[in-house]
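One is the number of the first residue; the rest follow in order along the sequence. FYI, side chains are in, hydrogens and waters are out, and symmetry mates aren't considered; it's all heavy atoms of this structure. Values in this document were obtained by computation on a predicted structure and should not be read as measured data.
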Amino acid sequence: MKAAVLTKYDKKSPTIEIKELDLPTLAADEILVDVSVAGVNPLDNLIAYGELKLVTPYELPQVMGNEFVGGVKQVGQNVKAFKVGDRVFGRMPLAKIGAFATHLTIEQSAVAKVPEYLTDEQAATVPLTALTAMQAFELLDAKPGQTLFISGGTGSFGMMAIPLAVARGLKVITSGSSKMKEQVEALGVTRFIDYRTEDYATTLHDIDLVIDTLGGKELEKQLKILKKGGSLVSLRGTPNKEFAKQMGFGFFKQLLFGLVGAKIDRLAKKEDKNYYFIFVKENGPQLAEAAEILAKMKIEPTVGPVYPLEQTSAALAQVAKGGNAGKVLIKN
């Protein structure tokens with residue numbers, strides 16, 4: 001099989017080679033997938049740059065890639081939920097990434113069947129984003145009737161998270177570009193804030209829940225709009241001790257992340273609010289739940305530039321450049 005393999009970490013120019021590898025050995029609880037399309041994410045660049053060694057210390061060489069869609073080619077002896085020919089998608093386990101390849105093996109518990117209405121390209125944009133939303137709701141302990149603010153909700157995350165949040169009975173407020181106002185309103189937002197003309201930090205207050213997609217100085221602003229006892233999950237903020245506990249890290253890493261996240265934890269505690277940092281894990285049942293919601297609402301994700309596997313480095317550079325209208329993909 002062909003695969004895009006990281007052979008050298010580098011913050012400016014990581015070395016990624018296209019190699020011929022043997023097919024992976026199939027375990028009893030795994031399926032062998034003939035990969036059609038893989039999604040390319042900022043996470044892939046962070047891994048290649050070596051910036052996530054403390055969280056996921058991959059030993060090189062390492063096949064790259066975190067999310068995929070493809071057809072089931074073979075099933076392990078314990079696999080009951082899937083059969084050869086099924087179209088599936090998923091987020092690779094943190095300890096076993098490898099979606100930038102023509103084939104991969106993955107546990108049946110990590111994947112879900114692709115809704116029929118989605119093309120392979122559309123489906124490849126879903127797993128990481130949908131699971132991020134579902135796991136954020138879980139961390140927030142989101143309940144019907146609560147108000148949720150999603151910063152920068154006109155991006156790819158917001159366009160996926162908003163309909164999933166609305167389906168859970170949440171009242172969603174979001175900010176973003178006015179160019180996307182009609183699209184996000186059609187997804188069911190209660191209120192749209194044009195970031196160019198209105199500062200959400202001065203007009204919003206007593207919000208139950210926040211999902212932060214911006215990080216930096218915006219994170220502290222979003223903490224302030226929460227009501228007392230409210231909760232915020234950040235996709236771009238600072239990992240903290242609670243994050244280390246959720247990841248099952250040992251004492252040393254819990255201590256280290258506790259120091260890293262001390263400032264934001266102190267601020268949250270001072271205002272009687274809850275702060276969480278999220279790093280998304282594989283979860284087939286959650287992805288299947290999200291897929292069912294998306295299918296009912298006929299949500300069609302936006303596809304961005306598509307590259308062949310041989311141009312993986314160019315695809316990663318495209319993601320790093322930013323400003324893409326849809327998710328960058330690698331197609332076999």
**Request:** To the nearest 0.5 angstrom, please state how far the CG atom of Asp86 sits from the CD1 atom of Ile31.
**Result:** 8.0 Å

Per-pair distances, 0.1 Å, donor-acceptor, side chain in residues 251-263, under 3.5 Å, sequence neighbours excluded:
unit_1: Lys253; atom_1: NZ; unit_2: Leu54; atom_2: O; d: 2.5
unit_1: Gln254; atom_1: NE2; unit_2: Phe249; atom_2: O; d: 3.0

**Item:** Check: Leu232 and Leu219 side chains under 4.5 Å, non-hydrogen atoms
**Value:** yes

**Request:** Identify, with sequence neighbours excluded, every residue that meets ring pair (Phe, Tyr, Trp, His ring centres under 6.0 Å) alongside Phe82.
**Result:** none

**Asked** Is the shortest heavy-atom distance from the side chain of Phe277 to the side chain of Val233 under 4.5 Å?
**Response** no

**Request:** Evaluate the side-chain proximity of Arg91 to Leu43: yes if any heavy-atom separation is below 4.5 Å, no if none is.
**Result:** yes

**Message:** Is it true that Gln318 and Tyr307 share a donor-acceptor pair across their side chains at a distance under 3.5 Å?
**Reply:** yes

**Request:** Please answer whether the main-chain N or O of Leu170 pairs with a side-chain N or O of Gln146 as donor and acceptor at a distance below 3.5 Å.
**Result:** no

**Item:** Which residues share a salt bridge (charged side-chain N to carboxylate O under 4.0 Å, His left out) with Asp199, sequence neighbours left out
**Value:** Lys221

**Interatomic spacing from CG in Leu287 to CD in Glu292 - rounded to 0.5 Å** = 12.0 Å

**Item:** Backbone N/O of Ser36 and side chain of Asp120: donor-acceptor pair under 3.5 Å
**Value:** no

**Prompt:** Going through the distances and angles, do Thr7 and Lys19 end up as a side chain to side chain contact (heavy atoms under 4.5 Å, CB included)?
**Reply:** CA-CA 11 Å; Thr7 57; Lys19 294 190 173 187; 4.0 Å; yes

**Prompt:** Can you list the residues that meet the side chain to side chain donor-acceptor pair (under 3.5 Å) rule with Lys73, with sequence neighbours excluded?
**Reply:** His103

**Asked** Quick one: OG1 on Thr129 to CD on Glu67, what's the gap to the nearest 0.5 Å?
**Response** 6.0 Å

**Fill in**
Distance col, row Leu223:CG vs Leu226:CG, nearest 0.5 angstrom, shows 6.0 Å

**Heavy-atom donor-acceptor pair, Gln135 side chain to Thr132 backbone, under 3.5 Å** = no

**Request:** Kindly indicate, with the supporting measurements, whether the criterion side chain to side chain donor-acceptor pair (under 3.5 Å) is fulfilled by Thr203 and Glu198.
**Result:** CA-CA 8 Å; Thr203 60; Glu198 183 179 354; 3.0 Å; yes

**Request:** Apply side chain to side chain donor-acceptor pair (under 3.5 Å) to Asp34 and list each qualifying residue two or more places apart in sequence or on a separate chain.
**Result:** none

**Request:** Over all heavy atoms of both residues, which pair between Thr312 and Ala4 is shortest? Give the atoms and the distance, please.
**Result:** OG1-CB, 3.5 Å

**Message:** For a 4.5 angstrom cut-off between non-hydrogen side-chain atoms, does Leu6 reach Pro61?
**Reply:** no

**Item:** Asp265: salt bridge (charged side-chain N to carboxylate O under 4.0 Å, His left out) partners, not counting sequence neighbours
**Value:** none

**Message:** Test side chain to side chain contact (heavy atoms under 4.5 Å, CB included) on Val184 and Ile162; report intermediate values, then the result.
**Reply:** CA-CA 8 Å; Val184 294; Ile162 289 168; 4.1 Å; yes

**Message:** If hydrophobic clusters are built from ILVMFWY residues whose side chains come within less than 4.5 Å, do Leu214 and Leu148 share one?
**Reply:** no

**Message:** In this structure, would Met297 and Ile150 fall into the same cluster of hydrophobic residues linked by side-chain contacts under 4.5 Å?
**Reply:** yes

**Request:** Verify the neighbour count for atom NZ of Lys181: are there more than 12 heavy atoms of other residues, nucleotides or ligands below 6.0 Å?
**Result:** no

**Message:** Tell me whether the count of non-hydrogen atoms from other residues, nucleotides or ligands lying under 6.0 Å of CZ in Arg191 goes above 12.
**Reply:** yes

**Asked** Quick one: do the Asn41 and Lys327 side chains pair a donor with an acceptor below 3.5 Å?
**Response** yes

**Item:** Option passing salt bridge (Lys or Arg N to Asp or Glu O under 4.0 Å) with Glu271 (candidates Lys228, Arg266, Lys227, Lys224)
**Value:** Lys224

**Request:** Measure the shortest side-chain to side-chain distance between Ile299 and Leu164 over non-hydrogen atoms and say whether it is less than 4.5 angstrom.
**Result:** no

**Asked** Mind checking what makes side chain to side chain donor-acceptor pair (under 3.5 Å) contact with Asp206, not counting sequence neighbours?
**Response** none

**Asked** Are Ser231 and Tyr276 close enough that some pair of their side-chain heavy atoms sits under 4.5 Å apart?
**Response** yes

**same_hphob_cluster(Leu235, Leu94) at 4.5 Å side-chain heavy-atom cutoff** = yes

**Message:** Are Ile211 and Ile293 connected into the same hydrophobic cluster when the rule is that any two of I, L, V, M, F, W, Y join if their side-chain heavy atoms are below 4.5 Å apart?
**Reply:** yes

**Request:** Please assess Tyr117 against Glu300 for the test side chain to side chain contact (heavy atoms under 4.5 Å, CB included), listing each intermediate value before the final yes or no.
**Result:** CA-CA 9 Å; Tyr117 81 101; Glu300 296 194 359; 4.2 Å; yes

**Prompt:** Can you get from Val79 to Val88 by hopping between Ile, Leu, Val, Met, Phe, Trp and Tyr side chains that sit under 4.5 Å apart?
**Reply:** yes

**Item:** No-hydrogen, no-angle side-chain donor-acceptor test under 3.5 Å, Tyr9 and Gln62
**Value:** no

**Prompt:** Taking only residues at least two apart or on different chains, which pairs with a member in residues 49-71 satisfy ring-ring contact (aromatic ring centres under 6.0 Å, His included)?
**Reply:** none

**Item:** Beyond-backbone contact of Val126 with Met160, side-chain heavy atoms, under 4.5 angstrom
**Value:** yes

**Prompt:** Got a sec, which residues hit side chain to side chain donor-acceptor pair (under 3.5 Å) with Lys331, two or more places apart in sequence or on another chain?
**Reply:** Glu121

**Message:** If only side-chain N and O atoms count, and only distance matters, is there a donor-acceptor pair under 3.5 Å linking Gln222 with Ser151?
**Reply:** yes

**Prompt:** Got a sec, which residues hit salt bridge (charged side-chain N to carboxylate O under 4.0 Å, His left out) with Glu138, two or more places apart in sequence or on another chain?
**Reply:** none

**Request:** Sequence neighbours left out, what pairs pass salt bridge (Lys or Arg N to Asp or Glu O under 4.0 Å) with at least one residue falling in residues 152-171?
**Result:** none

**Item:** Full working for side chain to side chain contact (heavy atoms under 4.5 Å, CB included) between Met92 and Glu282
**Value:** CA-CA 6 Å; Met92 296 298 292; Glu282 74 282 3; over 6 Å; no

Counting only pairs under 3.5 Å, give me each side-chain donor-acceptor contact of residues 95-102, with atom names and distances, residues two or more places apart or in other chains.
unit_1: Lys96; atom_1: NZ; unit_2: Glu30; atom_2: OE2; d: 2.8
unit_1: Lys96; atom_1: NZ; unit_2: Thr105; atom_2: O; d: 3.1
unit_1: Lys96; atom_1: NZ; unit_2: Thr105; atom_2: OG1; d: 2.8
unit_1: Thr102; atom_1: OG1; unit_2: Lys2; atom_2: N; d: 3.2

**Asked** Given side chains that start at C-beta, do those of Ile330 and Val40 come closer than 4.5 Å, heavy atoms only?
**Response** yes

